[in-house]
Amino acid sequence: MSDNRAAQDTSDITSRDELPSRGRRGSTPEHCGWCGRRLDAQETVGRRRRYCGHACRQRAYERRTAVQRGGLPVDAVVLSEAEVAALQDRLFQLRCAAEDIVTAAREGANPEELRSLADELARSAQDLERLR
């Protein structure tokens, strides 16, 4: 890989997941820069993995080149209508789960029921972390 290309790759950061992590290796969980899946802990020397596989790396490359060709800012987030609709659905599910906890607490729900509702809220929030 040429020096120019290596410099370009590090300057074309497209998501928070692709930002170099600060601190010691392994101190924070690392996620795929495209799909958001958790990456396995890396025990080897060398560059940290950015993507979980070749397909995600290719999709990220295609997005970067499309953004560059379209004249959009490097930090632009491009989502299809279907992705926006799915994101809105997941946000709605998250809000409903939070409202369920508030309602149950007001009505004096037992700790086990509140714990179950909180688990559902955590699952919804975890699902929401993935944009694609």
Side-chain angles (χ1 to χ4, degrees):
M1 182 184 305
S2 71
D3 290 337
N4 291 342
R5 177 138 176 158
Q8 182 183 13
D9 286 348
T10 57
S11 67
D12 290 342
I13 296 172
T14 58
S15 76
R16 67 177 170 76
D17 295 318
E18 290 183 285
L19 290 171
S21 63
R22 293 180 177 89
R24 294 176 45 201
R25 183 175 283 205
S27 62
T28 58
E30 299 214 7
H31 301 275
C32 176
W34 180 254
C35 70
R37 283 189 201 130
R38 184 179 222 133
L39 298 175
D40 295 333
Q42 187 174 351
E43 299 295 328
T44 61
V45 177
R47 271 193 262 174
R48 290 187 178 105
R49 290 176 55 195
R50 286 185 181 182
Y51 307 104
C52 60
H54 295 293
C56 287
R57 185 173 61 196
Q58 180 66 27
R59 298 295 86 75
Y61 168 77
E62 290 169 356
R63 184 192 170 282
R64 281 192 309 272
T65 56
V67 165
Q68 289 170 355
R69 274 187 263 124
L72 296 172
V74 174
D75 61 349
V77 177
V78 179
L79 297 173
S80 69
E81 285 185 41
E83 289 170 324
V84 170
L87 181 59
Q88 288 173 332
D89 287 345
R90 290 182 287 181
L91 282 167
F92 179 73
Q93 289 172 351
L94 183 66
R95 182 175 59 90
C96 289
E99 288 173 352
D100 288 347
I101 291 174
V102 171
T103 302
R106 268 195 208 128
E107 294 176 354
N110 64 32
E112 184 57 39
E113 184 180 355
L114 288 173
R115 197 172 302 117
S116 172
L117 291 170
D119 287 342
E120 179 64 32
L121 177 66
R123 276 192 298 275
S124 293
Q126 188 175 23
D127 183 44
L128 187 57
E129 284 182 326
R130 287 190 184 169
L131 285 179
R132 300 188 186 280

Revision key, fill the gap. Contacts of E112 meeting salt bridge (Lys or Arg N to Asp or Glu O under 4.0 Å) (sequence neighbours excluded), chain-then-number -> R115
Study note, to complete from the structure: Correct closest heavy-atom pair for L121 and A98 would be CD1-N, 3.7 Å
Review point. Partners of A109 by side-chain contact (heavy atoms from CB on, under 4.5 Å), sequence neighbours excluded?
Key: A104, E113, L114
Point to revise | In one Ile/Leu/Val/Met/Phe/Trp/Tyr side-chain cluster, 4.5 Å: V102, L94 | key: no
**Study point:** Spacing of SG belonging to C32 relative to CZ belonging to R38, to within rounding of 0.5 Å
**Key:** 13.5 Å
Review point. From R90 CZ over to L87 CG, what is the distance, rounded to the nearest 0.5 angstrom?
Key: 5.5 Å
**Study point:** Separation between CD of Q93 and CZ of R123, rounded to the nearest 0.5 Å
**Key:** 11.5 Å
Check your understanding: Around atom CG of N110, are there more than 12 heavy atoms of other residues, nucleotides or ligands at under 6.0 Å?
Key -> yes
Review point. Which atom pair, heavy atoms only, marks the closest approach of E30 to R49?
Key: OE1-O, 3.9 Å
Check your understanding: Which distance, rounded to the nearest 0.5 Å, do you find between the CD1 of I101 and the CD of E120?
Key -> 9.0 Å
Check your understanding: Side chain of R59, backbone of E62: donor and acceptor closer than 3.5 Å?
Key -> no
Revision key, fill the gap. Here the gap from E99 atom CD to R95 atom CZ, rounded to the nearest 0.5 Å, amounts to 4.5 Å
